[in-house]
Amino acid sequence: MDHLARLKALAERIEPGLISDHLSWSAVDGVYLADLLPLPYTEEALAVVADNIDRVQTALDRTILVENPSTYLAFAASVIGESEFLAELARRTGCGILCDVNNIYVSARNLGTDPHDWFPALAGAPVAEIHLAGHAVRQLDDGQEIRIDDHGSTVDPAVWALYAHALGIFGPVPTLIEWDTSIPDFAVLEDEAAQAQSMLDCQRVTEAGSARAA
Amino acid sequence: MPALRDYQRAFGAALLSGDTAIAAAMIGASPERLSIHRNTMLTALANALALTYPAVEALVGPEFFAQTARAFIQAEPPRAALLSLYGGGFADFLAGYAPVGALPYLSDVARLEWAVDRAAHAANDGSPLADIDLGGTRLTLVPSLSLIETRYPAEPIWRAALGADGDALSRIDTTPITAPLAIWRTDDGASVSALGAAAGAFLTELLAGGDAEAAINAAASADPEGDPIAAITREVLPAGFVRLSSSN
């Protein structure tokens, strides 16, 4: 049974509310590389990814969400911004977007860009879920700082600030806080969930206020 | 400009070989940044191997295991999308891996751990592997059963390594000895049972599709001095991988 058939069988069995995957690749020539690997953001890659999303959505008979990955390097050949690439995928395939705010921050810091520049291309796009997580900071041999998306610490204050920015653009979108390693006491998880909830509530109040004013 | 597939091939080759210079130049990024992906890949796969081969890891220590796993990953990267299917070649790899030459039983322990992992992943509801009539008693074998033949006492080494029992390990006589082992799924994982030569031959014949008569003959040939019926009655009939019912 191939990957897509197994995914379909799993989806039929557990009936998940959402299905998502990353804007990345993992296999070439029959070898599976066990990581979310980056794509050059070119017209060719856009066509290939859009075609693959179509195949998945047709097989599952539902739309999926596509998530921005954490990025450690940029392809010189890239001619499309990552968020423009995602917006175009949504336009071509009808897929939704999963906005990982930690990944936006990690990628921007690693590539020396402003994380706020990521958002405008996706204003009005179907963003259906937000992810938050912690990341690690390491030094490369050449002294450059690199941020690794390892889901092993609390959400960075700068990522909370970017989350507030994201809520202002996308609205109070359901939010997941990811932990994979160094899982802390439950109280720490509760505190993080409460912080996200209060920011979501705040955004709802703000939007209700704007609606009344209008 | 290279095609997408060219980038992917160069990227994949760099991750597996560790020689990131060519791909880095093609992408226009520093080799160190490619190495981040290589480390993630190697760590993920080495962790998966450690979960499948905990006794091997205990026997050689986590650091040596991680190095050995990296050598294996580069020699035999995953060729299936399912991570749970990765690592079946590890026992054969260890048999030819010079740095573990001083532990000749290590490959057999890995072979046992792979069989345990396969059994733990086996479906509960497959068809029985054999269905024979033994004089009014119907005997079937559970679908997850497998048999392996080890050349070293892998089973006691495996148990002692998993139990972190250094005393038991040091007492094990590691002289080569041919031992058939039965491995099958249980409610909480998998069980392993060491068998005598006659019981092993009996089950091997059944798993190969033989009938009761052929299996008993195989047991008799495997241990010409012994009583095959007594061995089967003692080691096979009460075993957890056997289901007995009345054939009437």
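Proteins come first, then strands; the chains are lettered A, B, ... in the order of their sequence lines, and each starts at number 1.
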Task: Residues B/Thr52 and B/Tyr86: side-chain donor-acceptor under 3.5 angstrom - done: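 Side chains of B/Thr52 and B/Tyr86: no pair found under 3.5 Å.
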Open item on the list: Would you say A/His135 and A/Asp149 are linked by a side-chain donor-acceptor pair, where the criterion is simply a distance under 3.5 Å?
Closed with: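 No - no donor-acceptor pair under 3.5 Å links their side chains.
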Tell me, for [X] versus chain B, whether the close heavy atoms (under 4.5 Å) come from the side chain, the backbone, both or neither.
X	result
A/Ala74	backbone
A/Ala77	both
A/Asp150	neither
A/Leu36	backbone

Task: Within 6.0 Å of CG in A/Asp142, more than 12 heavy atoms from elsewhere - done: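 Yes.
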- [ ] For each of B/Ala48, B/Pro2, B/Pro78, tally heavy-atom pairs with chain A at distances under 4.5 Å, and name the one with the top tally.
- [x]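 Maximum pair count with chain A is reached by B/Pro78.
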- [ ] Specify which of B/Met41, B/Arg79, B/Arg5, B/Glu32 makes the most heavy-atom pairs with chain A at under 4.5 Å.
- [x]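 Of the candidates given, the most pairs with chain A belong to B/Glu32.
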Open item on the list: Quick one: does any side-chain atom of A/Ser78 pair with a main-chain N or O of A/Ile80 as donor and acceptor, under 3.5 Å?
Closed with: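 Flag not set: sc A/Ser78 to bb A/Ile80 has no pair under 3.5 Å.
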Task: Check: A/Asp114 side chain, A/His116 main-chain N or O, donor-acceptor pair, under 3.5 Å - done: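 A pair under 3.5 Å: yes.
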Open item on the list: As an exercise: rank A/Ile146, A/Leu73, A/Thr42, A/Ile148 by heavy-atom pairs under 4.5 Å with chain B and give me the winner.
Closed with: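 Answer, by heavy-atom pair count under 4.5 Å with chain B: A/Leu73.
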Engaged part of [X] at the chain A interface, taking heavy atoms whose separation is under 4.5 Å:
X	result
B/Leu15	side chain
B/Ala80	backbone
B/Ala81	both

Open item on the list: Please report whether the ring centroid of A/Phe75 lies less than 6.0 Å from that of A/Tyr41.
Closed with: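 Aromatic pair excluded; centres sit 6.0 Å or further apart.
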Task: The single option from B/Leu34, B/Thr40, B/Leu42 passing side-chain contact (heavy atoms from CB on, under 4.5 Å) against B/Arg38 - done: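 One option only clears the test, and that one is B/Leu42.
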